[in-house]
Amino acid sequence: MKIVSNTQMKQLDRMTIEQYGIPGILLMENAGIAVFHEVYHHLQMMGGKQVAVVCGRGNNGGDGFVVARQLFQHNIKVKVFISGNPAVIGGDAKTNLEILKRLEVPIEVISPGENKNVFLGQLKQYDLIVDAIFGIGLDRNVDEFIGRVIETINEAEKTVVSIDIPSGVNAADGSICGTAVKAHKTIVFQLPKLGNINYPGSYYTGEMIVKNIGIPQEAIISLNPRIQMITTDWVKSILPKRKADTHKGDYGRVYIVAGSTGMTGAAMLTCEAVLRSGAGLVKVAIPQSLNNIMEVRLTEAITVPLPELKKGVVGISDIEKIMKTMSQSDAVAVGPGSGQSRELEEVLRNIFENSTTPIVLDADALNSLANRKELLKLLKGPAVLTPHPMEMARLTQIAVEDIQKNRVEIAGEFAQKWNVIVVLKGARTVVAAPSGEIFINTTGNPGMATAGSGDVLTGIITGFIAQGIEPVSATAAAVYIHGLAGDMAAGDIGEYGMMAGDIVTHLPHALKKIVGK
Ligand SMILES: NC(=O)C1=CN([C@@H]2O[C@H](COP(=O)(O)OP(=O)(O)OC[C@H]3O[C@@H](n4cnc5c(N)ncnc54)[C@H](O)[C@@H]3O)[C@@H](O)[C@H]2O)[C@H](O)CC1
Ligand SMILES: [K+]
């Protein structure tokens, strides 16, 4: 499902009206009816009878007027509160306001001078509040009066349904323009906005329900938004089907260069995640002094002990062995727990120069590249980089806070400039492809911010690529499944006590939930 900015949504609106001749008031009617059905259903579920609709001066308010009319026609007690001067209401919104007046639907104008407690007392008489103050037109911080109206809605502690986006949330990026309505549900028109998906906007959006309001698919295709939300159906469509007459070699062979003294756990987590993601075989190259430990810790993985110049660190001395094993693999991962060293940089250089096998670069491999990005130009095959914001800061020399403010742009630019796939981890992980395509993930929870979580993700990405899924799709699907497994783990044991191993344990359940078996 595509995700759009407010500017793109307005372009779609304009194309729909001007190019396809679908009148705006019809879109508004469709929008209002979509919200009405959700509100009416919710009232039936909660046994509520009375609704307050708080409307602003633009078309979001216009949608609210349509909702009020539909409720009124279905014998629901409804009152419209207009937050501002009705005289400035125009266009389709004004047409719908006039209809309400002729139907004698109760309407009250909230005046800036009104005592806040009076309005709060009124709102508390209702079972549900519809938030129709601002939609995608919000473009600056709300003023003191509207801020008070928004805060009163939140203080009423009633069920709140927001139209298109919670009022006060900037549809362009999810930032808050002063203050915002905290919605239980938001009925989003046609396509999710970045403001619904990114934090903190996603927190205020609550349950997001996307409704078609009649914007032609042709318009969406011609606009061709580059950002898409990773969905269950899409992941299901790209996971490989497992046939009966197959053997482990058919499900991909993975080679991992990982682990160093004190960090064998990272290698173990990555190996387990590779196998739990469905790959058939995994070999892990580790410093030979750690081989006994790894043999004990890993049952299903094959260890490839390598001579080490420095105790506990993979050496370049046996690059032939590494390259030979690599050439027999379908996907490779380098970095989890490898430790940073000149040796590792040389291993990377050799791999980049001589191998076309898809490679996933994580953790210490990324840190090794931070000051030698030109090595990426040697790559002969697809590469996936999985930085968290701090690692991205080292790779780009951009401050973390600036990265966090421009996650999509920075990940996208790096992916296109260096011709790699970038996974910028965090709350709403961004997957950026060299083509410019962007995926945003909406699964996962704070419980996954735990040591080793990234090692697990590296394993899933590598395992999916090894199974023959195209690397960009494999990466996006892996990010989704990683988050889904984390959500299932949180559902079982809560977020506080979760460890990376719990994500691995729940991986098969997440896959089964998607694939059905
Ligand atoms: N295809 C669609 O998505 C459809 C969307 N509809 C609804 O229309 C709104 C967008 O309506 P718009 O008139 O552009 O703006 P808003 O109603 O969001 O905002 C009203 C108005 O307020 C002004 N403004 C902006 N920021 C502030 C501020 N901080 N303080 C005061 N005033 C502010 C600005 O001039 C805005 O124009 C969309 O979300 C949908 O709900 C259509 O109804 C159906 C098709
Ligand atoms: K709204």
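All heavy atoms count here, side chains included; hydrogens, waters and symmetry mates do not. This structure is a prediction, so every number in the text was calculated from the model and none was measured.
Within the 3.5 Å criterion, the main-chain N or O of Ala449 finds no donor-acceptor partner in the side chain of Ser453. For Asp362 (side chain) and Gly335 (main-chain N/O), no donor-acceptor pair under 3.5 Å exists by modelled atom type. Arg428 places no side-chain N or O within 3.5 Å of a backbone atom of Ile440 that could act as its donor or acceptor partner. For Ser202 (side chain) and Tyr199 (main-chain N/O), no donor-acceptor pair under 3.5 Å exists by modelled atom type. At distances below 3.5 Å, not a single donor-acceptor pair connects side-chain atoms of Ser5 with backbone N or O atoms of Ala172. Checked by atom type and distance alone, the side chain of His506 pairs as donor or acceptor with a backbone atom of Asp502 at under 3.5 Å. The closest donor-acceptor contact from the side chain of Gln328 to the backbone of Arg253 lies at 3.5 Å or more, if one exists at all. Of the possible polar contacts, one joining the Lys373 side chain to the Leu395 backbone as a donor-acceptor pair under 3.5 Å is found. Panel note: side chain Glu272, backbone Leu269; no donor-acceptor pair is recorded below 3.5 Å. The closest donor-acceptor contact from the side chain of Asn196 to the backbone of Thr205 lies at 3.5 Å or more, if one exists at all.
With values rounded to the nearest 0.5 angstrom, Ile319 atom CD1 is found 8.0 Å from Asn354 atom CG. Interatomic distance, Asn212 CG to Gln190 CD, rounded to the nearest 0.5 Å: 4.0 Å. Atoms CD1 and CE, on Ile3 and Met9 in that order, are 13.0 Å from each other to the nearest 0.5 Å. The NE2 atom of His388 lies 12.0 Å from the CG atom of Leu457; values are rounded to the nearest 0.5 Å. Within the model, atoms CG of Asn198 and CZ of Arg407 stand 8.0 Å from one another, a figure rounded to the nearest 0.5 Å. Atom CD1 in Ile403 sits 5.5 Å away from atom CD1 in Ile398 (nearest 0.5 Å).
Here the closest heavy-atom approach between residue Ala365 and residue Val334 is recorded as CB-O, 3.3 Å. The heavy-atom pair separating Leu484 from Ala510 by the smallest distance is CD2-O, 3.8 Å. Residues Met448 and Gly486 approach most closely at SD-CA, 3.7 Å, considering heavy atoms. Closest of all the heavy-atom pairs between Gly174 and Pro200 is O-CD, 3.2 Å. For the residue pair Val284 and Ala267, the shortest heavy atom distance occurs at CG2-CB, 4.3 Å. Contact between Pro336 and Thr458 at its shortest, heavy atoms only, is CG-CG2, 4.1 Å.
Proximity of Ile17 to Leu27: side-chain heavy atoms (C-beta onward) are separated by under 4.5 Å at one or more points. Using a 4.5 Å heavy-atom threshold, the side chains of Ser473 and Trp234 count as touching. Side-chain atoms of Asn367 and Glu391, non-hydrogen and from C-beta on, do get closer than 4.5 Å to each other. Val431 places none of its side-chain heavy atoms less than 4.5 Å from the side chain of Asn441. In this structure the side chain of Val479 never reaches within 4.5 angstrom of the side chain of Phe439, judged on heavy atoms. Taking the side chain as every heavy atom from C-beta outward, Ser327 and Thr357 never approach each other to under 4.5 Å. In this structure, the side chains of Gln404 and Glu401 stay at 4.5 Å or more apart for every pair of heavy atoms. Using a 4.5 Å heavy-atom cutoff, the side chains of Val35 and Phe189 are in contact.
Within 6.0 Å of the NZ atom in Lys236, the count of heavy atoms belonging to other residues, nucleotides or ligands does not exceed 12. Counting non-hydrogen atoms of neighbouring residues, nucleotides and ligands closer than 6.0 angstrom, the CE atom of Met323 exceeds 12 such neighbours. More than 12 heavy atoms of other residues, nucleotides or ligands shown are found within 6.0 angstrom of NZ on Lys377. With a 6.0 Å radius and a threshold of 12 heavy atoms from other residues, nucleotides or ligands, Arg276 has its CZ atom at or below the threshold. The number of heavy-atom neighbours closer than 6.0 Å to NZ of Lys2, taken from other residues, nucleotides and ligands shown, is above 12. Shown here is Lys380, whose NZ atom has more than 12 heavy atoms of other residues, nucleotides or ligands within 6.0 Å.
For the 3.5 Å distance criterion, the side chains of Tyr480 and Thr232 qualify, holding a donor opposite an acceptor. Donor-acceptor pairing under 3.5 Å is lacking for the side chains of Thr443 and Asp487.
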### Message
The test is side-chain contact (heavy atoms from CB on, under 4.5 Å); show your working for Val384 and Ile465 and say whether it passes.
### Response
CA-CA 10 Å; Val384 182; Ile465 293 174; 4.0 Å; yes
#### Entry: Chi angles and distances behind the side-chain contact (heavy atoms from CB on, under 4.5 Å) call for Val332, Ser355
CA-CA 10 Å; Val332 172; Ser355 168; 5.7 Å; no
#### Entry: Full working for side-chain contact (heavy atoms from CB on, under 4.5 Å) between Ile165 and Tyr204
CA-CA 9 Å; Ile165 192 160; Tyr204 287 89; over 6 Å; no
### Message
I'd like to know whether Ile215 forms a side-chain contact (heavy atoms from CB on, under 4.5 Å) with Tyr20, so could you lay out the CA-CA distance, the side-chain angles of the two residues, the decisive distance to 0.1 Å, and finally the verdict.
### Response
CA-CA 9 Å; Ile215 291 179; Tyr20 295 96; over 6 Å; no
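Ion pairing of Asp173 with Lys405 is absent here, as no side-chain N (NZ or NE/NH1/NH2) approaches a carboxylate O to less than 4.0 Å.
Each of Val169, Asn170, Ile136, Asn6 was compared with Lys193 under the side-chain contact (heavy atoms from CB on, under 4.5 Å) criterion, and only Ile136 meets it.
Contacts of Lys211 classified as salt bridge (Lys or Arg N to Asp or Glu O under 4.0 Å), with partners at least two apart in sequence or in another chain: Glu38.
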